[in-house]
Every structure is written in C-alpha cells, then in structure tokens.
Amino acid sequence: QVQLVESGGGLVQAGGSLRLSCAASGDGISISTMTWYRQAPGKERELVAAITNGGSTAYADSVKGRFTISRDNAKNTLYLQMNSLKPEDTAVYYCNAFGLLLGSVWGQGTQVTVSS
C-alpha cells in the first residue's frame, strides 16, 4: 500500500511564493504519474500539474509560467513550487499517485490561502 502526505501549505500575500511537498511511503511503490489537484470552495476539483516517471510535465493554463512541478524519485517526494501567487490560487491542494498496478491514491490535502 502507498500513503501520501502533503505539507507546505499556509497563508501568503499575493505575489508571494510557496512550496508544497507530497511524500509517498510504502513498500513496493510503483508510480507512473504524480499530479497536483486543487479544489476551491464551491468549485470542482481541478488538475493543476502532472509529472510522469520519465520527467514529462503538464500544467493547467491558469498556472503555466508560475508553478513548477518536480519529483525526487530517490526520496519518493513530489513538489509544487508556486510563485507569483494570486488570490484565485486559494484552494485545498491534493497530490495523487497513479500506477497501473497501484491504482489511484490521494493525499489528505493542504490548505493554501493567498490574500490580496
């Protein structure tokens, strides 16, 4: 089994930066893709960024150029560097791990609040 634990959320002013981490633990981890999602109050959960085990990345248009997703395979940790934060980035951020044998696993989420 795999467990994901997010950290790094908090309160930041508009224009500031924040770095989220998602640590994966468990024996026999086989993850092909890791993603960051977010969900703002009253809105559906949306995909923010994704990274494959080969290092390919993809971003939502709303965060492209401001956010950077990365992955440390040796530490089994996913990161999301968020720069030039805007109030509309306020949401609970979730990490997800996917593998053909693993299935889909979610973390508990971490709150990001950006003040104007």
Side-chain angles (χ1 to χ4, degrees):
Q1 73 281 3
V2 172
Q3 293 184 351
L4 305 176
V5 179
E6 299 102 329
S7 62
L11 175 64
V12 65
Q13 292 184 347
S17 298
L18 212 57
R19 188 195 193 201
L20 305 183
S21 299
C22 176
S25 62
D27 294 333
I29 297 175
S30 182
I31 301 170
S32 62
T33 305
M34 298 193 75
T35 61
W36 285 101
Y37 288 78
R38 68 185 181 187
Q39 187 166 25
K43 296 186 177 181
E44 295 183 351
R45 187 172 298 186
E46 65 173 339
L47 191 149
V48 176
I51 186 168
T52 69
N53 58 359
S56 298
T57 60
Y59 298 91
D61 288 340
S62 60
V63 306
K64 195 171 298 182
R66 300 187 297 119
F67 291 9
T68 302
I69 188 171
S70 61
R71 177 177 176 178
D72 188 332
N73 291 331
K75 296 181 178 180
N76 290 320
T77 302
L78 178 73
Y79 302 98
L80 185 66
Q81 179 66 47
M82 304 184 295
N83 299 325
S84 302
L85 284 163
K86 305 174 181 179
E88 49 262 45
D89 295 319
T90 296
V92 177
Y93 284 70
Y94 301 89
C95 67
N96 174 270
F98 175 80
L100 288 176
L101 298 179
L102 172 69
S104 182
V105 179
W106 293 89
Q108 83 287 353
T110 185
Q111 176 71 49
V112 172
T113 303
V114 184
S115 62
S116 60

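Just so it is clear, the model here is predicted, and its values are computed rather than measured.
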(message) Give me each pair satisfying disulfide bond (SG atoms under 2.5 Å apart) with a member in residues 38-91, each pair once, sequence neighbours excluded.
(response) none

(request) Classify the angle between the aromatic ring planes of Tyr93 and Phe67 as parallel (below 30°), tilted (30 to 60°) or perpendicular (above 60°). (result) tilted

(request) Kindly determine whether Leu102 and Ile31 satisfy side chain to side chain contact (heavy atoms under 4.5 Å, CB included), including the steps that lead there. (result) CA-CA 7 Å; Leu102 172 69; Ile31 301 170; 3.8 Å; yes

(request) Give a yes or no on whether a salt bridge exists between Lys86 and Asp89, defined as a side-chain N under 4.0 angstrom from a carboxylate O. (result) no

(message) So Arg71 and Thr52, do their side chains get closer than 4.5 Å, heavy atoms only?
(response) no

(request) Scan side-chain atoms only and decide if Asn96 and Ser104 contain a donor-acceptor pair under the 3.5 Å cut-off. (result) yes

(message) Are Trp36 and Glu6 packed together at the side-chain level, in the sense that at least one heavy-atom pair is separated by less than 4.5 angstrom?
(response) yes

Extract all donor-acceptor atom pairs below 3.5 Å that involve side chains of residues 41-51 and protein atoms in other chains or at least two apart in sequence.
from  : atom 1 : to    : atom 2 : distance (Å)
Glu46 : OE2    : Arg38 : NE     : 2.8
Glu46 : OE2    : Arg38 : NH2    : 3.4

(message) Would Asp72 and Thr77 count as a side-chain hydrogen bond (donor to acceptor under 3.5 Å, both in side chains) here? Give the steps.
(response) CA-CA 5 Å; Asp72 188 332; Thr77 302; over 6 Å; no

(message) If you compare all heavy atoms of Leu18 against all heavy atoms of Gly10, which two are closest, and at what distance to 0.1 Å?
(response) CD2-N, 3.8 Å

(message) Looking at Tyr59 and Ile69, would you say the former's side chain and the latter's main chain have a donor-acceptor pair under 3.5 Å?
(response) yes

(request) Output every pair passing disulfide bond (SG atoms under 2.5 Å apart) with a member in residues 86-116, not counting sequence neighbours, ordered by first then second residue. (result) Cys22-Cys95

